[in-house]
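Structure first, then comments.
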Protein chains: 2
Amino acid sequence: MYKFIPMNSFTEENYLKAIYKLTEQTDSEVSTNSIAKKMSTKAATVTDMLKKLSLKKSIHYQKYQGVSLTTSGKKIAVNIIRKHRLWEFFLVKKLNFKWDQVHGIAEELEHIHSNELTEKLDRFLGFPKFDPHGDPIPDGDGKFHNTKSQLLEEAVLNKSYIITGVVDHSSSFLQYLDSAGIVLGKEIKVKERALYDKSLQAQLSGKKVFISNEVAKNILVSKK
Amino acid sequence: MYKFIPMNSFTEENYLKAIYKLTEQTDSEVSTNSIAKKMSTKAATVTDMLKKLSLKKSIHYQKYQGVSLTTSGKKIAVNIIRKHRLWEFFLVKKLNFKWDQVHGIAEELEHIHSNELTEKLDRFLGFPKFDPHGDPIPDGDGKFHNTKSQLLEEAVLNKSYIITGVVDHSSSFLQYLDSAGIVLGKEIKVKERALYDKSLQAQLSGKKVFISNEVAKNILVSKK
DNA sequence: ATAATTTTTTAGACTAATCTAAATTTTTAT
DNA sequence: ATAAAAATTTAGATTAGTCTAAAAAATTAT
């Protein structure tokens with residue numbers, strides 16, 4: 001039996017992605033205002049879109065009560081994230097882009113609709129589990145390959161960690177990490193933590209490095 | 001000095017591409033109706049878009065007099081075609097799509113805006129000169145690597161040709177060619193042409209094949 | 001508990017892309 | 001050359017996504 005599946009517009013997809021990410025962060029219903037901020041738009045605009053997404057059964061929405069994704073809305077959002085991260089991997093590993101250059105391009109590529117394309121791309125890339133920023137790439141069923149990572153800020157002194165990801169994805173932060181030689185996969189050991197500003201002295205591939213708290217708060221590590 | 005370059009919408013890009021292709025075919029001003037047919041839309045809709053494209057200086061347009069592309073409009077159109085064909089090449093050669101599966105996906109990918117992406121993709125693919133259907137891929141300056149090809153329909157008897165392209169790009173035609181073993185790059189020699197229906201008996205990699213005129217009209221060959 | 005503040009929704013308007021129906025211009029045919 | 005036919009444009013609507021301003025609901029603070 002043939003069932004018509006209405007295609008979501010780029011805009012709808014971006015709203016679902018935003019709601020997904022906000023839900024992840026706060027782990028509860030998300031507010032109209034928070035969506036408006038994330039989407040760089042106005043609350044009134046968001047309200048209109050929420051009505052539409054609700055009609056399409058992509059979200060649970062009650063006036064004034066915030067929203068959450070339905071199972072099908074979540075599926076759509078995770079698929080967008082899957083595509084985004086696969087394309088980022090492609091751009092960095094195959095086309096030699098720098099990790100700070102790919103976000104905007106992947107924001108466009110993530111809306112290409114062919115599922116067959118996504119699956120073939122995944123295979124071509126060797127079924128990568130993490131994107132160039134260390135974020136997990138969900139598989140075709142929406143499952144994430146989870147690793148328990150923590151902030152470098154909270155690392156235990158003199159214990160070895162592997163740098164596995166970043167919190168801040170801005171170009172300027174990523175470029176700073178490049179200039180400081182802080183690269184995903186490297187081993188790091190915090191030797192000292194200043195009480196005053198929580199800045200760190202650490203050992204990074206043999207060299208001593210200084211890392212401010214502002215930076216340490218945005219680096220993810222996992223136990224070696 | 002900073003100059004604001006207004007981004008073209010997908011729709012505008014598609015109109016420019018359609019006008020480019022129609023101009024190529026007829027080699028003269030193109031009509032509102034022909035654009036409407038190509039875009040599967042109504043003449044009234046086309047008129048509105050022509051006014052808009054004219055304001056943006058992408059086309060030359062005088063009411064009732066047909067349109068042609070300006071230099072800048074042509075540049076935009078050729079760039080879309082460049083991206084379309086590079087992506088088709090990528091899909092077939094890297095992701096293992098069949099040549100009859102890639103058109104629709106490339107129609108989406110051709111609108112990804114990053115020039116750096118196009119150039120890096122081109123390099124990654126080894127600067128291909130032809131797409132999987134044998135159509136030339138313009139270079140970054142919009143120059144086409146031209147080869148003088150002709151229709152198989154008009155091939156001289158007992159002369160060797162190389163199959164270089166197709167006129168009809170439909171899946172059904174491409175699938176038919178696959179099933180008949182007619183593949184780009186192969187050598188073909190027409191042994192007989194029936195006067196009644198212009199069908200051909202030809203030699204294709206050692207085997208004898210029958211090719212109807214309907215098919216021969218849609219195959220491009222070049223002298224060996 | 002009620003007043004002040006904040007958040008959210010509604011109302012009304014705008015732009016881009018589309019449509020149908022009617023009007024106009026061009027082309028074709030007698 | 002003029003009438004008929006075809007092509008094109010205009011006029012007036014529609015939908016998606018957006019906005020501002022005003023109204024309504026929820027939250028916070030006294």
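Order of the sequence lines sets the chain letters (A, B, ...), proteins ahead of strands, with each chain counted from 1. Remember, predicted model here, so these are calculated numbers, not experimental data.
With sequence neighbours excluded, the residues satisfying ring-ring contact (aromatic ring centres under 6.0 Å, His included) with H145(A) are F130(A).
The heavy-atom pair separating V92(A) from W99(A) by the smallest distance is CG2-CA, 4.1 Å.
Rounded to whole angstrom, the span from the CE atom of M49(A) across to the P atom of dC19(D) amounts to 11 Å. The nearest whole Å value for the distance from the CD atom in E29(B) to the P atom in dT26(C) is 15 Å. In this structure, D48(A) places its CG atom 14 Å from P of dG12(C), rounding to the nearest Å.
Between the side chain of S58(A) and the backbone N or O of S54(A) there is no donor-acceptor pair closer than 3.5 Å. Between the side chain of Y161(B) and the backbone N or O of V156(B), at least one donor-acceptor pair lies under 3.5 Å. A distance-only check finds a donor-acceptor pair linking the side chain of T47(B) to the backbone of A43(B) [under 3.5 Å].
Residues L151(A) and I219(A) have side chains not in contact (no heavy-atom distance under 4.5 Å, counting atoms from C-beta outward).
Distances shown here put a side-chain N or O of T41(A) below 4.0 Å from the OP1 or OP2 atom of dC19(D).
In the set dC19(C), dT18(D), dT20(D), dT20(D) carries the atom at the smallest distance from any side-chain atom of K42(A).
The residue Y15(B) sits close only to the backbone: its heavy atoms come under 4.0 Å of sugar-phosphate atoms, none of a base.
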Just the table, please: protein N/O against nucleotides 5-9 of chain D N/O, every pair under 3.5 Å.
residue : atom : partner : partner atom : Å
dT8(D)  : OP2  : N33(B)  : N            : 2.7
dT8(D)  : OP2  : N33(B)  : ND2          : 3.4
dT9(D)  : OP1  : Y61(B)  : OH           : 2.5
dT9(D)  : OP1  : Y64(B)  : N            : 2.8
dT9(D)  : OP2  : T32(B)  : OG1          : 2.9
dT9(D)  : OP2  : T47(B)  : OG1          : 2.9
dT9(D)  : OP2  : Y61(B)  : OH           : 3.4
dT9(D)  : O4'  : Y64(B)  : OH           : 3.4

